[in-house]
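For reference, the structure discussed in these notes is given below.
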Amino acid sequence: MADAANNVVETINGDCHDFKSLLSSSDRDFLVRNNGDQVKIDSLKGKKLGLYFSASWCGPCRRFTPNLIEVYTELSTKGDFEVIFVSADEDEESFNGYFSKMPWLAIPFSDSEARKRLDEPFSVMGIPHLVLLDENGKVLTEEGVEIIREYGEEGYPFTPEKIQELKDLEEKAKKEQSIKTILVSRSRDFIVTSDGSKVPVSELEGKTVGIYFSASSIKPSADFTQKLAEVYSKLKENGEKFEVVMISLDDDEESFRQSFGAPWLALPLKDKSCEKLARYFELLTLPTVVIIGPDGKTLHPNAADAIDEHGIVAYPFTPEKFAELKEIEKASEAAQTLESVLVSGGLDFVLGKDGAKVKVADLVGKTILLYFSAHWCPPCRAFTPSLVEVYKKIKEKDDAFEVIFISSDRDQASFDEYYSGMPWLALPFNDARKSSLSRKFKVQGIPMLIALGPTGKTITKEARSLVMAHGADAYPFTEERLKEIEAQIEEMAKGWPEKLKDERHEEHELVLTRRSNYVCDACKENGQVWSFYCEECDFDLHPKCALEKETKADAKEGWVCDGEVCTRAS
C-alpha cells in the first residue's frame, strides 16, 4: 500500500483505477459500515462501484441520498454493486449522524487524507457528486447523480450503452406517445382516486387529459389548485370529455391529499413515474398542466396560465383555441388603462406613506412602476436602495411618476418593516389584486419591475434591467428613450481606440467593451457602459484611466489632449 501512502492514485492502462490504491491508505486496508464493522477493500473485486461525495450540511445532498438509497436497495440483490461514501463533513458527529442512514460503505472519517485525495482525479467541484466505476475500475460516468435521478435502477449497469438504450426508448416513446405510454408503468396500469380506488388508465383513452404537476407546499401551486378545481368541475358539469391526472411532487400523505382540489385522478404518492414524467415533459415550473389530446399526443406543454387567466374559455386547449386567446389578450392590452389594471370591484385605491388611501383615478396620466418585491428576497433587498435613489431623482424632475410596491411578504410585520424604507405607494398587504397582477404580468420571480405609461398601457416588463443599467436616465422607459441612450453611448466612445496595451495589464491587449457594471482595476471605482476589458483575465480599466496616459503621451509640452481635442494648458 506504499503508493496510496504517497497519495498516488494507481491506474491500469491509463483508464482503470485500482480499487485498493484508490480507497486504502498506508495503515488502512478496509472500509467501514455505519455499525462500525470493517470490510476489506479486497472484497470489492469484481463489483461495480459508486463513489458518493456528499455531506450532511448540503441540502441537495440530503435530498438526493434517499433516491440513491432506494436504487441501492433495489440493486443489492444482484450482489455486484457497492457505494462508497466519501464525506465532506466537518466533524465526526455530523459524519456519523448522516452515515447512520446509509446502507453502504464509507471511507472512515478519521482518514481525511484519503478522502481529500479523491477530489482531484474525479473533478469534484461540487456535491452531491457520484462517480460510477465498472468492475475493472474504469470510470463509466462522473454524472451519476443525474443518471440516478433520471433512470434509477433501470440505468444499471450504468454503461454508456445502457444509458443510450434508455434514451432511445424515451425518444421512441415520444414518437409513439399515447395516454398509456405516458401513465402505465411495468408494475402499474392504473391511476387512483382521492379515496385510493384504482381506475384503469385505459378509461382515459379518447379524452382530453390535463397532466397536473403539483406540490401543495408551494403557494402558487396550492392557489392554482383551487382555480383548476373550478374549471374541472364546470367542464364535467357540461359533459365534456376532460380529465385531470395529478402528478404530486409532495413528500407526505397529508400534502398529497390536500392536492386533490376536486375529485380528479392521480398517480399514487411517490410513484416512480412521477419523476420520470417530470423529466419527460421537461418540467420547469409549478404549477404545470400538460394537455394531452384525445389521440394521446401533447396539445400544449403548460396550459396553467391560460386556465388561470381565462378559465373554462381556454378549453379544449387546442392550437386554434390558444391563437384565439392570443387575439383576446392583444385586444385587452390595446384597451388597457391604469384603472383596468389596478381597480377590482371595490378595491380602487393604493396606500400612501401615511396609510391614507390614494385613489387609482388620481394616478391616471402618470408613468407608473409596479414593483413586485419582498423582504425575505435578498435580490429584492439589494435592488430596493438603487430604486429608491432613482425614484428620488426622477421625482425631482417630473412629479407625474410613481412607484407602487406589490408585496410577496409572508406577514404584515415583514411588509411593514420593508415598506418603511420605501418612499412610494403600495398595495395593502395580502391584497386580492396581487395574484391577478402577478398572473397578468406573468411574474415568475422577484424582484420584477413593470413600467406603465401615462395611458396605462404596458411600456416594458424589463424596467428593472433598465434601472440597473441606466439609473434615472432610463425614464420614461420608452423605446424612444432607449434609442436616445444608445446613441449617447455610441457618441461617448467616438475617437477611442478599439484596442490598447497598458502597463497595468501587460499580458494581453485590452478591448473596448460594453459592460453594464464593473469595478476598475486601476482606480477601484465603479464603472459602467464602457470598459477597456480583458475577458480572459476579467480585467477592467475605466476609459478615463486607460486613456489618461495615452492622451498625455500624445500632447506636446504646454498642451492637454482630451479625446480628439488638444487645448493649450492654462
Side-chain angles (χ1 to χ4, degrees), residues 337-339 341-344 347-434 437-438 441 443 445-478 481-482 485 516-517 526 528:
T337 65
L338 187 64
E339 289 169 310
V341 172
L342 288 176
V343 174
S344 177
L347 298 172
D348 61 352
F349 63 90
V350 293
L351 294 180
K353 284 304 294 179
D354 56 0
K357 293 181 179 180
V358 177
K359 291 288 187 179
V360 172
D362 294 338
L363 301 175
V364 171
K366 294 188 176 187
T367 296
I368 304 290
L369 292 181
L370 302 179
Y371 182 35
F372 295 84
S373 185
H375 182 267
W376 53 260
C377 162
C380 299
R381 295 198 306 272
F383 176 65
T384 296
S386 300
L387 185 58
V388 169
E389 184 180 341
V390 166
Y391 174 83
K392 291 177 178 178
K393 287 181 180 179
I394 296 174
K395 289 289 278 187
E396 286 175 4
K397 298 178 181 179
D398 187 357
D399 194 52
F401 167 69
E402 199 49 79
V403 174
I404 299 173
F405 170 42
I406 301 170
S407 172
S408 292
D409 284 304
R410 292 164 179 154
D411 54 68
Q412 184 74 50
S414 298
F415 170 88
D416 291 341
E417 181 183 350
Y418 194 32
Y419 185 45
S420 67
M422 301 176 183
W424 45 67
L425 307 174
L427 281 192
F429 173 69
N430 217 19
D431 191 285
R433 289 170 288 180
K434 188 259 179 180
L437 288 168
S438 296
F441 294 109
V443 178
I446 54 174
M448 186 169 182
L449 201 60
I450 309 293
L452 306 179
T455 65
K457 291 183 175 60
T458 304
I459 299 173
T460 179
K461 297 178 183 179
E462 304 297 331
R464 180 192 173 208
S465 298
L466 299 182
V467 167
M468 291 177 70
H470 307 298
D473 288 340
Y475 182 77
F477 314 106
T478 59
R481 178 56 188 150
L482 295 183
I485 292 173
S516 55
N517 290 286
N526 291 328
Q528 59 183 51

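Quick note: residue numbers are just sequence positions, from 1. Atom set for the values below is all heavy atoms of this structure, side chains included, hydrogens, waters and symmetry mates excluded.
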Task: Set of ring-ring contact (aromatic ring centres under 6.0 Å, His included) partners for Phe401, sequence neighbours left out - done: Tyr391, Tyr475
Open item on the list: Which residues pass the salt bridge (Lys or Arg N to Asp or Glu O under 4.0 Å) test with Asp398, not counting sequence neighbours?
Closed with: none
Open item on the list: Nearest 0.5 angstrom please: Ile485 CD1 to Asp473 CG, how far?
Closed with: 6.0 Å
TODO: Determine the minimum heavy-atom distance between Gly421 and Val388, stating which atoms define it.
DONE: O-CG2, 3.9 Å
Open item on the list: I need the His375 NE2 to Arg410 CZ distance, nearest 0.5 Å.
Closed with: 11.5 Å
Open item on the list: Can you tell me how far apart CD (Glu389) and CD1 (Ile394) are? Round to the nearest 0.5 Å.
Closed with: 11.0 Å
- [ ] Write down the atom of Ser408, the atom of Trp376, and the distance for their closest heavy-atom approach.
- [x] O-NE1, 2.9 Å
Open item on the list: Within the 4.5 Å heavy-atom criterion, are Trp424 and Leu369 side-chain neighbours or not?
Closed with: no
Task: Ser373: partners by side-chain hydrogen bond (donor to acceptor under 3.5 Å, both in side chains), with sequence neighbours left out - done: Tyr371, Tyr418
Open item on the list: Is any side-chain heavy atom of Val443 closer than 4.5 Å to one of Ile406?
Closed with: no
TODO: Identify, with sequence neighbours excluded, every residue that meets side-chain hydrogen bond (donor to acceptor under 3.5 Å, both in side chains) alongside Arg481.
DONE: Glu484
TODO: Looking only at non-hydrogen atoms, find the nearest pair between Phe349 and Leu427 and report the distance.
DONE: O-CD2, 4.5 Å
TODO: Could you list all the salt bridge (charged side-chain N to carboxylate O under 4.0 Å, His left out) pairs where at least one residue sits in residues 411-433, not counting sequence neighbours?
DONE: Asp431-Arg433
Open item on the list: Quick check: do Leu437 and Leu342 have side-chain heavy atoms less than 4.5 Å from each other?
Closed with: yes
TODO: First locate atom CD1 of Ile459, then atom CG of Leu452, and finally report the distance between them rounded to the nearest 0.5 Å.
DONE: 7.0 Å
Open item on the list: How about NZ on Lys357, more than 12 heavy atoms from neighbouring residues, nucleotides or ligands closer than 6.0 Å, or not?
Closed with: no
- [ ] Verify side-chain contact (heavy atoms from CB on, under 4.5 Å) between Phe405 and Val350, making sure each step is shown before the conclusion.
- [x] CA-CA 9 Å; Phe405 170 42; Val350 293; over 6 Å; no
Task: Interatomic spacing from CD1 in Ile404 to CD1 in Ile368 - rounded to 0.5 Å - done: 5.0 Å
Open item on the list: Between Lys353 and Met422 (side chain of the first, backbone of the second, donor and acceptor by atom type, cut-off under 3.5 Å), is there such a pair?
Closed with: yes
Task: Where Phe441 and Thr458 come nearest, the two heavy atoms and their spacing - done: CE2-OG1, 3.5 Å
- [ ] Give the intermediate values and the outcome of side-chain contact (heavy atoms from CB on, under 4.5 Å) for residues Leu363 and Leu425.
- [x] CA-CA 11 Å; Leu363 301 175; Leu425 307 174; 3.9 Å; yes
TODO: Before giving the answer on side-chain contact (heavy atoms from CB on, under 4.5 Å), spell out for Ser438 and Phe372 the whole-Å C-alpha distance, their side-chain angles and the decisive distance to 0.1 Å.
DONE: CA-CA 8 Å; Ser438 296; Phe372 295 84; 3.8 Å; yes
- [ ] Please lay out, stage by stage, how Asp409 and Tyr419 fare under the test side-chain contact (heavy atoms from CB on, under 4.5 Å).
- [x] CA-CA 10 Å; Asp409 284 304; Tyr419 185 45; over 6 Å; no
Open item on the list: Using a 6.0 Å cut-off, check whether atom NZ of Lys393 has over 12 heavy atoms from anything other than its own residue.
Closed with: no
Task: Nearest heavy-atom neighbours spanning Cys380 and Cys377 - done: SG-SG, 2.6 Å
Open item on the list: Applying salt bridge (charged side-chain N to carboxylate O under 4.0 Å, His left out) as the test, list every pair that has at least one member in residues 459-469; sequence neighbours left out.
Closed with: none
Open item on the list: To check you understand the geometry: which heavy-atom pair defines the closest contact between Ala426 and Phe415, and what is its length?
Closed with: CB-CZ, 4.2 Å
